[in-house]
Number of protein chains: 2
Amino acid sequence: MSSALRISEAASIGLHTVLLLAQEGQQFLSARDMARTMGVSEAHLSKVLQRLVRAGIAESARGPHGGFRLAAGAEALSLLAVYEAIDGPLRPLPCLLGRPMCDGKSCILGGLLASVNEQIRDQLASVRLSQFLARASGEAQ
Amino acid sequence: MSSALRISEAASIGLHTVLLLAQEGQQFLSARDMARTMGVSEAHLSKVLQRLVRAGIAESARGPHGGFRLAAGAEALSLLAVYEAIDGPLRPLPCLLGRPMCDGKSCILGGLLASVNEQIRDQLASVRLSQFLARASGEAQ
DNA sequence: TGCATTCAGGTATTACGGTACTGCAATTCG
DNA sequence: CGAATTGCAGTACCGTAATACCTGAATGCA
């Protein structure tokens, strides 16, 4: 009974994390530091970071002075790619389960929800990580 | 890891139910019939119907030949009102929990998600139940 | 070579949504 | 007028999924 069209907290953390990493450039950031910066639990963040690494969006280094940074070429990625790396692919959202009622003709809700979904997709896809890149060398955006 | 921007099944059922009721006009529809029509569980539908009644969107009649129908004046309502009666108010969606990071300046994600949310709101608010009203007296739409 | 640091994976816990059950009111028929 | 049937209303249970925790493995430095 609580909320609305929900985006998972994990996805939110992931998006913010990627932004942080982009701002840091080649520098490594530890999970602990990022957790403090964002004010989220380090445990939860770690899990999200694992997803990003496995998806090839970030890369990790262990040991002292280790941490995470954006993988090479990740600047070209969109926020949509990041989102899908965490929460899985963005579903087509076919209406509901409505075979019996909404299959034949185009259900009003189906059309409506589909268009909303398209808009979300477009918005996420239109933003690239390169917009937030702050080069360590000093070259501003 | 499963889905995406999610709309609850309860909300979907509620929206469809209201459409069904609108098409039926003054006639009462039993929960069982509607459940069959939509292909959803009667128990779950009942819960949704309770919400609609308490919100003043639908009205119920007990006993034989009872059921549910749209409340007087409900034709003027929008799909947004129906949605909020079921899933609660549509949150402003402030970003995530991001006080520490996103409070001061406008967070990029906050702005993005907020605009998406606005679009959803507008879409839902632009559709009125009267569009689906089929008068029992015979006057076509 | 040993120790401190940090990531990696698996495991428990909590919260939410969905489901099922039981109770109450109204109507209709005998 | 009374009883049984019909159908809504509220409550309680259960399963799933998201979140928080905990232990282990690997790396780099002294």
Side-chain angles (χ1 to χ4, degrees), chain A residues 1-14 16-17 21 24 27-36 38-71 83 86-88 91 96-97, chain B residues 1-14 16-17 21 24 27-71 83 85-88 91 96-97:
Chain A
M1 203 219 266
S2 50
S3 70
L5 288 301
R6 269 176 302 181
I7 184 173
S8 78
E9 186 179 343
S12 244
I13 290 176
H16 280 86
T17 300
L21 292 177
E24 206 64 19
Q27 211 69 7
F28 280 101
L29 275 178
S30 76
R32 183 180 300 115
D33 287 348
M34 289 189 280
R36 276 191 229 281
M38 294 190 272
V40 302
S41 106
E42 183 182 344
H44 197 183
L45 173 62
S46 294
K47 194 149 247 175
V48 171
L49 284 166
Q50 287 176 30
R51 296 260 177 94
L52 292 176
V53 170
R54 262 176 290 183
I57 295 175
E59 58 186 21
S60 63
R62 301 194 189 195
H65 307 102
F68 298 86
R69 67 178 177 190
L70 240 46
Y83 182 92
I86 297 165
D87 262 27
R91 290 224 198 108
L96 71 159
L97 13 91
Chain B
M1 204 224 263
S2 52
S3 70
L5 289 299
R6 267 176 304 179
I7 184 175
S8 78
E9 187 179 341
S12 246
I13 291 178
H16 281 86
T17 301
L21 293 177
E24 206 63 20
Q27 211 70 6
F28 280 101
L29 276 178
S30 78
R32 183 180 299 118
D33 287 348
M34 289 189 281
R36 275 190 230 280
T37 301
M38 293 190 274
V40 301
S41 102
E42 184 182 342
H44 198 182
L45 173 61
S46 294
K47 193 164 240 174
V48 171
L49 283 166
Q50 287 176 32
R51 296 260 177 92
L52 293 177
V53 170
R54 261 178 290 184
I57 295 175
E59 60 186 19
S60 64
R62 302 195 188 195
H65 306 101
F68 298 85
R69 67 179 178 189
L70 241 47
Y83 183 92
I86 297 166
D87 263 26
R91 289 224 199 102
L96 71 160
L97 13 91

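Predicted model only: the values in this text are computed from it and were never measured. Naming convention: chains lettered A, B, ... in sequence-line order (proteins, then strands); numbering from 1 in each chain.
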Please list, for nucleotides 19-21 of chain C, all pairs of protein and nucleotide N/O atoms separated by less than 3.5 Å.
residue: C:dT19; atom: OP2; partner: B:H44; partner atom: ND1; Å: 3.1
residue: C:dT19; atom: O4; partner: B:K47; partner atom: NZ; Å: 2.4

Between the protein and nucleotides 13-15 of chain D, which nitrogen or oxygen pairs come in under 3.5 angstrom?
none

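A 4.5 Å side-chain heavy-atom check between A:L45 and A:M34 finds at least one atom pair inside the cut-off. Side-chain contact check for A:M38 versus A:T17: some heavy-atom pair is nearer than 4.5 Å. Side-chain atoms of A:F68 and A:L49, non-hydrogen and from C-beta on, do get closer than 4.5 Å to each other.
The distance between atom CZ of B:F28 and atom P of C:dT27, rounded to the nearest whole Å, is 10 Å. For the pair A:H65 NE2 and D:dC29 C1', the computed distance is 9 Å after rounding to whole Å. In this structure, CG of B:D33 is placed 8 Å from P of D:dG7, rounded to the nearest angstrom. In this structure, B:M38 atom CE and C:dG18 atom C1' are separated by 15 Å, rounded to whole Å. Remark: P of D:dC8 and CZ of B:R32 are 8 Å apart, rounded to the nearest angstrom. To the nearest angstrom, P of D:dT6 lies 18 Å from CG of B:L29. Remark: P of C:dA8 and CZ of A:R54 are 9 Å apart, rounded to the nearest angstrom.
Residues A:A10 and A:H44 come closest through the heavy atom pair CB-NE2, 3.8 Å. Nearest heavy atom pair, residue B:I57 against residue B:A85, reads CD1-CB, 3.7 Å. Smallest separation of non-hydrogen atoms from A:G56 and A:A71: O-CB, 3.3 Å.
Taking NZ of B:K47 as the start and CD of B:E42 as the end, the distance is 14.0 Å to the nearest 0.5 Å.
Only A:S60, A:A61, A:R62, A:G63, listed by number, bring a heavy atom of residues 55-63 of chain A to less than 4.0 angstrom from any atom of DNA chain C.
Counting only heavy atoms from C-beta on, B:A31 has its side chain closest to D:dC8 among C:dT27, D:dC8, D:dA9.
Ion pairing of B:E24 with B:R69 is absent here, as no side-chain N (NZ or NE/NH1/NH2) approaches a carboxylate O to less than 4.0 Å.
Contact annotation: A:Q50 side-chain N/O to C:dG9 OP1/OP2 distance is under 4.0 Å.
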